[in-house]
Amino acid sequence: MQAAAHRHSAPKRVRTAHTAGTIASLAGSDNSALLEALPIAAAVITRARGGKLKVMAHNERFTATVDQSTCSALDYSDADCLRDGPIASLLDQYFAMAPNSDELDFRDGEGVAAHHFRIKLAPLPRGPEDLPRCLLSLVDRTVEVQAERSLRAEMLRDSLTGLPNRLGFSETIEEVGGKAERDVEYAVLVVDMLRFSRINESMGSLAGDELLITFARRLISALRAGDVLARTGGNEFGVLVSLRRGIKDALKTAARIQEAMETPFKLSELEISVECAVGVALMQPGQDGEELFRNAQFAVKQAKLAGKPQVYEPKEASAARRRFSVETELRRALDKDQLKLFYQPLIDLKSGECAGFEALARWTHEDRGEISPVEFIPVAEESGLILTLGRWAMDKAAQTLAGWDKSWGEPLPIYVGVNLSAIQVARDDIASVVQSALKSHGLNGNRLTLELTESSIVQDPTRAMRVFEALKALDATVAMDDFGTGYSSLAYLQRLPIDVLKIDRSFVTGMMVDPDSVAIVRAVLSLAEALGMSTTAEGIETVELATTLATLGCSSGQGYYFAKPLEADAAIEYWKSRRR
């Protein structure tokens with residue numbers, strides 16, 4: 001008998017009263033007729049003095065079950081087929097009173113013709129010559145196992161495309177990665193169909209399903225024999241490829257996939273162009289399959305930003321984990337009010353007095369020390385925390401202004417500039433936030449200058465117009481920050497109620513060595529004058545820059561030449577020191 005076996009832990013023995021009574025009768029008799037009372041195939045097995053296993057009695061169900069399998073050579077008198085193999089081993093352990101289990105599952109035969117059985121052993125009192133005996137029951141589980149296999153196959157397959165699903169793909173990766181010796185390398189590609197949700201929403205789910213099926217077929221046409229394709233998400237597909245020439249093979253596969261998608265897809269009477277992003281991750285020795293797949297998913301996110309296939313880089317992943325960590329810590333810091341506002345002086349270049357301050361968020365982490373705004377502001381924008389941060393900064397700036405006024409005894413002739421993110425403009429009610437801050441601290445609108453980046457205006461000019469008009473209704477000053485870097489149309493400057501243009505530091509710092517920078521600054525100053533706007537130059541770090549900008553007609557400036565960002569108490573002292 002050839003059999004493949006799997007051990008099981010001993011289950012609780014549960015017998016019907018009828019079965020228990022039959023076994024009790026067998027204690028005093030070897031009559032096989034008593035075995036016929038059992039509803040399952042059964043036989044009484046003993047072990048002779050020499051250790052030989054024998055079948056003492058059996059019922060017809062046992063014979064029928066054995067005969068329908070390939071185990072037809074069973075010799076019931078000598079039980080030669082029980083001499084070796086997993087059944088014999090199970091019985092030997094059982095009779096030795098040291099069983100690992102009293103159950104055994106085994107397969108008889110191979111392929112679709114294989115039969116699957118479960119053997120269970122039950123103790124019997126000793127028989128003639130004081131030989132140990134047991135009741136062996138044999139249950140044919142072939143139908144059950146086949147049903148389990150069919151169900152598992154369904155679980156591992158995508159019902160729409162017929163491809164392996166995420167679970168099936170992961171198991172394939174694990175199987176390949178678990179091979180002890182590999183003469184080739186492997187890589188996982190994740191292919192993401194871009195803008196699929198728009199197609200699905202505009203044309204309906206049936207059209208979306210049709211597109212997915214056609215997309216899958218094209219993917220198959222771009223792959224080589226032996227490559228494994230799976231649908232791992234709604235509009236996401238995974239590919240497992242073997243590599244003979246390392247990463248070059250993986251990138252060639254990615255190129256073939258993108259080339260296959262160049263021809264428009266026909267849905268109903270429409271032709272739809274579909275683009276895809278491809279991320280690649282190389283399999284490392286001993287690597288977990290799920291980790292490999294996540295690496296490829298990370299690479300596909302990078303591919304969406306880059307506009308071309310990307311290979312997973314651990315450094316990029318480390319940076320992403322760092323950003324996630326910063327996000328978590330920033331959320332906690334905002335909840336605990338652990339951030340501070342610093343104030344950088346804005347100097348009137350004609351009089352030399354301090355006209356106001358720009359409020360800048362600063363964060364000193366209790367363990368990591370100072371975390372730069374260059375790091376945490378983008379994280380805040382990406383995560384949506386910029387809304388909370390922006391509201392906090394607006395209220396804090398107004399609170400500081402009110403505190404200065406109170407200490408001075410009357411409203412001071414200074415203002416504070418607060419930066420607004422493009423995310424805030426798009427998602428928040430900026431006017432309500434500003435109005436609430438002014439009302440809470442008893443300030444007039446002209447005490448605040450709201451600075452919006454040029455890029456935030458370009459993204460949605462219509463919304464920017466509504467925001468600007470609402471801010472002007474509060475009597476607030478509106479400034480366009482980083483002017484010259486966002487490719488804004490001059491028409492925006494003409495239509496939008498902008499009061500101040502802030503010249504980006506990249507043009508200011510190069511004025512002393514780059515004639516083009518001087519020309520740009522001159523042009524911005526002339527444009528602002530023509531449109532009735534004032535100007536502020538950022539990044540003034542030398543007296544020469546300050547003098548030159550004043551000569552050219554720039555209204556105000558800020559930079560390390562005047563002062564670094566200061567805490568609130570130091571800032572008001574600085575203002576006092578520059579009064580004339």
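For the numbers below, each heavy atom of this structure counts, side chains included, while hydrogens, waters and symmetry mates do not.
- Remark: Lys301 NZ is loosely packed, at most 12 non-hydrogen atoms of other residues, nucleotides or ligands lying under 6.0 Å away.
- Of the possible polar contacts, one joining the Arg218 side chain to the Thr263 backbone as a donor-acceptor pair under 3.5 Å is found.
- Nearest heavy atom pair, residue Pro497 against residue Val478, reads O-CB, 3.9 Å.
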Show your reasoning for whether salt bridge (charged side-chain N to carboxylate O under 4.0 Å, His left out) applies to Arg256 and Glu259. CA-CA 5 Å; Arg256 288 199 305 271; Glu259 184 179 351; over 6 Å; no

Exercise. Could you please spell out the steps behind the side-chain contact (heavy atoms from CB on, under 4.5 Å) verdict for Leu160 and Ile213?
Key: CA-CA 7 Å; Leu160 178 65; Ile213 293 170; 3.8 Å; yes

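- The side-chain contact (heavy atoms from CB on, under 4.5 Å) check on Glu375 picks up Arg322, Val326, Ile371, with sequence neighbours excluded.
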Identify every side-chain donor-acceptor pair in residues 507-515 under 3.5 Å, counting partners at least two apart or on other chains, and give the distances.
unit_1	atom_1	unit_2	atom_2	d
Thr509	OG1	Arg505	O	2.9
Asp514	OD1	Asp516	N	3.1
Asp514	OD2	Ser517	OG	3.1

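- A donor-acceptor pair under 3.5 Å links the side-chain atoms of Thr142 to the main chain of His116, judged by distance alone.
- Under the ring-ring contact (aromatic ring centres under 6.0 Å, His included) criterion, no residue pair touches residues 272-291, with sequence neighbours excluded.
- Applying the side chain to side chain donor-acceptor pair (under 3.5 Å) rule to Arg224 yields the partners Asp227; only residues at least two apart in sequence or on another chain are considered.
- Annotation for Ala397 and Val416: closest pair CB-CG1, 4.0 Å, computed over non-hydrogen atoms.
- Arg463 places a side-chain N or O within 3.5 Å of a backbone atom of Ala426 that can act as its donor or acceptor partner.
- Few gaps surround CD on Glu171; more than 12 heavy atoms of other groups in view lie less than 6.0 Å from it.
- Nearest approach of Ala470 to Ala431, heavy atoms of both residues: CB-CB, 3.5 Å.
- No donor-acceptor distance shorter than 3.5 angstrom exists from the side chain of Asp481 to the backbone of Lys502, with no hydrogens or angles considered.
- Crowding of Glu382 atom CD: a count of heavy atoms from other residues, nucleotides or ligands under 6.0 Å not exceeding 12.
- The ring pair (Phe, Tyr, Trp, His ring centres under 6.0 Å) check on Phe237 picks up Phe215, with sequence neighbours excluded.
- In this structure, Thr535 contributes its side chain and Ser555 its backbone to a donor-acceptor pair below 3.5 Å.
- Between the side chain of Arg362 and the main chain of Lys340, no donor-acceptor pair closer than 3.5 Å is present.
- Pro309 pairs by the side-chain contact (heavy atoms from CB on, under 4.5 Å) definition with Ala254, Gln258, Val278, not counting sequence neighbours.
- Residues forming a salt bridge (charged side-chain N to carboxylate O under 4.0 Å, His left out) with Arg217 (at least two apart in sequence, or on another chain): none.
- Ionic pairing of Arg323 and Glu327 is not present here: no N-O contact between side-chain nitrogen and carboxylate oxygen is shorter than 4.0 angstrom.
- Counting only distance, with no hydrogens or angles, the side chain of Arg231 and the backbone of Leu163 share no donor-acceptor pair below 3.5 Å.
- Among pairs with a residue in residues 309-329, none fulfils ring-ring contact (aromatic ring centres under 6.0 Å, His included), at least two apart in sequence or across chains.
- Listed by first then second residue, pairs satisfying side chain to side chain donor-acceptor pair (under 3.5 Å) with a partner in residues 195-213 read Arg195-Glu275, not counting sequence neighbours.
- Between Glu469 and Lys472, none of the side-chain N atoms (NZ, or NE/NH1/NH2) sits under 4.0 Å from a carboxylate O, so this pair counts as no salt bridge.
- Under the 3.5 Å distance criterion, with hydrogens and angles disregarded, no donor-acceptor pair is assigned to the side chains of Thr477 and Tyr415.
- For the pair Asp158 (side chain) and Asn165 (backbone), a donor-acceptor distance under 3.5 Å is absent.
- With sequence neighbours excluded, no residue satisfies side-chain contact (heavy atoms from CB on, under 4.5 Å) with Ser526.
- Looking at heavy atoms from C-beta onward, Glu358 lies out of side-chain contact with Thr536 at the 4.5 angstrom threshold.
- Between the Glu174 side chain and the Gly289 main chain, a donor and an acceptor come within less than 3.5 Å of each other.
- In this structure, the side chains of Met193 and Leu212 come closer than 4.5 Å at one or more pairs of heavy atoms.
- Considering only heavy atoms from C-beta on, Gln287 comes within 4.5 Å of Asn295 through its side chain.
- Judged as a side-chain contact (heavy atoms from CB on, under 4.5 Å), and not counting sequence neighbours, the contacts of Arg166 are Ser170, Thr232, Glu290, Phe293, Gln297.
- For the pair Asp499 and Ala476, the tightest heavy-atom approach, listed with the atom from each and the gap, is OD2-O, 4.1 Å.
- Taking both residues in full, the closest heavy atoms of Val418 and Met394 are given as CG1-CE, 4.0 Å, listed atom of the first, atom of the second, then distance.
- Side-chain contact between Val241 and Leu243: present, with at least one pair of heavy atoms (C-beta onward) separated by less than 4.5 Å.
- Listed by first and then second residue, the ring-ring contact (aromatic ring centres under 6.0 Å, His included) pairs involving residues 257-284 amount to none (not counting sequence neighbours).
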